[in-house]
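Take a look at the structure below.
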Amino acid sequence: MKAYDYAALNRDFAAKSAQDIVRWAVSEFGQGLAMSTSFGAESAVLLHLATQVKPDLPVLFTDTGFHFQQTLEHKDRLVERLKLNLKVLRPEMPHEEFLAKHGKLYEKDPDACCAANKIAPFEKALSNYQAWISGIRRAQAITRQDSLFVENYRDKLVKVNPLLNWTSKMFWDYAKEHDLPYHPLWEKGYLSIGCSPETCTRPVQAGEDARSGRWAGTGKVECGIHTYLKNEEAAKHAHK
Ligand code: SF4
C-alpha cells in the first residue's frame, strides 16, 4: 500500500469541497476506488455527488437480510434515478440459515451479528479495491468526531470521507437543490437507518444525535466498519 502524508492531505482537504475530495480520490485511485452505502436516511447525497464525478463508480451495498422493506425500495429508486453501478454484497451464510442457527443474535450479541452479516462481506469486497469513499459526518455521533477526510484503513486501503464536515443543513440543502428522494422512514424520526430489528434501529427523540437510535441502550453505536469492534472475537462465533 502506497504511503501517504495523511496530515498534509487532511490540512489541504479541510479547505476543499466534497466534490474536490472525490475528484482527488478518482484521479488517485481510478478503477481501484469504490464507495459504500447503506441506502439509509442520508445516502442519496453522497451517491449523487460521487457519481456526478465518476458515473461508473462501484457502489458497495451489504444486504444483511435484515433491512427494512422501505430501504430496499429506496435502493431501487436511487439505482434507477442515478444509474448506479451497484454491487450487492451478501453474508457467507444465507439469511434463513443464519436465523435457524443463531436465532435473534442481534439481541444477544449484536457485535457478532454485525461481524457476520455486515463486516465480513464488506471487508471481503474491499480487498478488490485500493480506496473506499464513505459518507460519514462528524456531526452524526461522538464516535465519528475524530475521523479524518483521508485515513489509513487498517493498513489495507485508503478511506476517504468527503462529507466529514457537512452539517445537516448542508446535507438537506444539497438534497433539495438536486431533488433527491429521501428515505420514507426519515419522516417518522429514523435519522440513521440500519437493520430492521427494533434493537438495531429506532426513531430518534428530539435533542438526540442521529445515531442514538442505533442499538439503543446497548452501548453500541457503530457496526464496526467505521470503528473497531469492541468484541474482536465476535466474528468467529457468528461463523461457527
Ligand atoms: S444491525 Fe442488527 S441485524 Fe443488522 S447485522 Fe448488526 S446486529 Fe445484525
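We use all heavy atoms of the structure for the numbers below, so side chains are in, but hydrogens, waters and symmetry mates are not. First listed ligand is number 1; within each ligand, the first listed atom is number 1.
Every atom of ligand 1 with a heavy atom of C114 under 4.0 Å away is listed here by number and element: 1 (S), 5 (S), 6 (Fe), 7 (S). Listed by number with element, the atoms of ligand 1 under 4.0 angstrom from any heavy atom of C200 are 1 (S), 2 (Fe), 3 (S), 7 (S). Close approach to P110 involves these atoms of ligand 1, each under 4.0 Å from a residue heavy atom: 7 (S).
Ring orientation note: the planes of H74 and H183 are tilted relative to one another, at an angle of 30° to 60°.
Environment of OH in Y182: sparse, with no more than 12 heavy atoms of neighbouring residues, nucleotides or ligands closer than 6.0 Å.
Not one N/O/S atom of C113, from backbone or side chain, sits under 2.8 Å from atom 2 (Fe) of ligand 1.
Of the possible polar contacts, none joining the N161 side chain to the L164 backbone as a donor-acceptor pair under 3.5 Å is found.
Scored by the side-chain hydrogen bond (donor to acceptor under 3.5 Å, both in side chains) test, K54 finds D56 as partners (sequence neighbours excluded). In this structure K16 satisfies the salt bridge (charged side-chain N to carboxylate O under 4.0 Å, His left out) test together with D12, sequence neighbours excluded.
Across the listed options C195, S38, A116, C195 owns the non-hydrogen atom lying nearest to atom 1 (S) of ligand 1.
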